[in-house]
Amino acid sequence: VCSSDLKTSTRHVSMLDPRTGRITLIRTCFQTHHLVFAEDANNTLWLSQGGPGSGVVGWIDTKKFDETGDEVRAQGWSPFVLDTNGNGRRDDGWVQPNQPVDPQKDKRVGVNFYSVVVNPQDGSVWGQGLSPFPSFVVRFDPKTQLSEIYSPPLPGYGGRGADIDRNGVFWVS
């Protein structure tokens, strides 16, 4: 439940309004690190968690926050879940990262975004994961709430910074 996690997360979001000089803290249900705004109607703020940790992607609907001031209702988060049963949707139940794959269920994976970027072509959210070594690329689809993982070929490893160009091509350092 989000309201209890607001007290345990150690990294949140703050916003400075340069017009008024006011700083507003937005407590989040998830750890935060890097951030990026989507170019969508709600001006969604997507956040990474940095290194190994919570295994979720989080966001703030800044339009809703501006309208309501409600930090709980304005945010959301999702675990990273792979469609391992191949039915094209995220099912209600899945196996946890420490459990073996079940061909009848989806699989939650214990990954995090270090960098976070939004694909201007389809609104998917991409990030560079650091752990497990040597690193990987994660794609999260906000519409389906499903994830995909890509491993760069060796000797590439330890990527951190990343971005997506206007054609939807993912670049990583």
Side-chain angles (χ1 to χ4, degrees), residues 9-15 26 28-65 74-91 94-98 101 103 105-173:
S9 181
T10 59
R11 289 184 174 177
H12 304 281
V13 174
S14 52
M15 172 185 65
I26 302 172
T28 57
C29 302
F30 47 86
Q31 301 285 40
T32 64
H33 190 57
H34 293 146
L35 51 88
V36 67
F37 280 95
E39 296 177 23
D40 62 9
N42 295 335
N43 208 20
T44 306
L45 179 63
W46 289 93
L47 298 125
S48 75
Q49 282 71 53
S54 65
V56 303
V57 59
W59 61 89
I60 297 173
D61 179 332
T62 62
K63 180 179 178 187
K64 185 179 285 184
F65 182 78
Q75 66 184 280
W77 61 272
S78 174
F80 292 104
V81 177
L82 305 177
D83 181 22
T84 52
N85 64 10
N87 66 2
R89 67 179 193 280
R90 190 170 100 177
D91 301 316
W94 53 74
V95 296
Q96 295 298 325
N98 61 348
V101 171
K105 296 183 177 182
D106 292 334
K107 171 84 172 160
R108 180 177 179 177
V109 288
V111 299
N112 281 326
F113 285 156
Y114 180 81
S115 60
V116 58
V117 294
V118 178
N119 186 329
Q121 295 293 314
D122 65 5
S124 60
V125 182
W126 291 69
Q128 177 65 32
L130 300 177
S131 178
F133 185 79
S135 78
F136 49 89
V137 173
V138 180
R139 177 186 183 269
F140 174 76
D141 185 337
K143 296 173 194 102
T144 65
Q145 303 245 325
L146 286 170
S147 300
E148 300 167 355
I149 297 177
Y150 302 92
S151 297
L154 293 175
Y157 68 93
R160 291 183 184 243
D163 204 353
I164 294 180
D165 65 23
R166 291 288 166 225
N167 297 314
V169 177
F170 185 80
W171 294 74
V172 64
S173 60

(request) Decide yes or no on side chain to side chain contact (heavy atoms under 4.5 Å, CB included) for F65 and M15, but give the supporting numbers first. (result) CA-CA 11 Å; F65 182 78; M15 172 185 65; 4.2 Å; yes

(request) Determine the minimum heavy-atom distance between S147 and L82, stating which atoms define it. (result) O-CD2, 3.2 Å

(message) I'd like to know if the side chain of N112 and the backbone of G55 have a donor-acceptor N/O pair within less than 3.5 Å.
(response) yes

(message) Test side chain to side chain contact (heavy atoms under 4.5 Å, CB included) on N43 and K63; report intermediate values, then the result.
(response) CA-CA 6 Å; N43 208 20; K63 180 179 178 187; 5.6 Å; no

(request) Considering non-hydrogen atoms only, spot the tightest contact between L47 and V57 and give its length. (result) O-CG2, 4.1 Å

(message) Could you measure the distance from the CH2 atom of W94 to the NZ atom of K105? Nearest 0.5 Å is fine.
(response) 11.5 Å

(request) Give, for atom CG of D83 and atom CG of D141, the distance between the pair rounded to the nearest 0.5 Å. (result) 11.0 Å

(message) Parallel, tilted or perpendicular: which one describes the rings of F80 and F140, with boundaries at 30° and 60°?
(response) perpendicular

(request) Using atom types as modelled and distance alone, determine if a side-chain donor or acceptor of Q75 lies under 3.5 Å from a backbone N or O of D61. (result) no

(request) Measure from the side-chain N and O atoms of T44 to the backbone N and O of A38, and report whether any donor-acceptor pair falls under 3.5 Å. (result) no

(request) Check whether any side-chain heavy atom of P79 sits under 4.5 Å from a side-chain heavy atom of R90, and report yes or no. (result) yes

(request) State, without any angle test, whether D122 and S124 hold a side-chain donor-acceptor pair at a distance under 3.5 Å. (result) yes

(message) Within the structure provided, determine whether Q128 and V137 are in side-chain contact (heavy-atom separation under 4.5 Å).
(response) yes

(request) Step through it carefully: locate the ring centre of W77, locate the ring centre of F30, and say whether they are under 6.0 Å apart. (result) no

(request) Please round to the nearest 0.5 Å and tell me the distance separating atom CG of L45 and atom CG of L35. (result) 5.0 Å

(request) Walk me through it: do V118 and E39 pass the test side chain to side chain contact (heavy atoms under 4.5 Å, CB included)? (result) CA-CA 8 Å; V118 178; E39 296 177 23; over 6 Å; no

(request) State the NE2-OG1 distance between H12 and T32, to the nearest 0.5 angstrom. (result) 7.5 Å

(request) Hey, could you give me the CH2/CG distance between W126 and D163, rounded to the nearest 0.5 Å? (result) 13.0 Å

(request) Hey, could you give me the CG/OG1 distance between N42 and T62, rounded to the nearest 0.5 Å? (result) 7.5 Å

(request) Indicate the ring-plane relationship of Y114 and H34, choosing parallel, tilted or perpendicular according to the 30° and 60° boundaries. (result) perpendicular

(message) In the structure I gave you, are the side-chain heavy atoms of V117 and W171 within less than 4.5 Å of one another anywhere?
(response) no

(request) Work out which heavy atom in V101 is nearest to a heavy atom in K107; give both atom names and the distance. (result) CG2-CD, 4.2 Å

(message) Between Q49 and H33, does the side chain to side chain contact (heavy atoms under 4.5 Å, CB included) criterion hold? Intermediate values first, please.
(response) CA-CA 5 Å; Q49 282 71 53; H33 190 57; 5.7 Å; no

(request) Could you tell me whether the side chain of D165 and the main chain of N167 form a donor-acceptor pair under 3.5 Å? (result) yes

(message) For A162 versus S115, what's the shortest heavy-atom pair and its separation?
(response) CB-OG, 3.3 Å

(message) Within the structure provided, determine whether P142 and W59 are in side-chain contact (heavy-atom separation under 4.5 Å).
(response) no

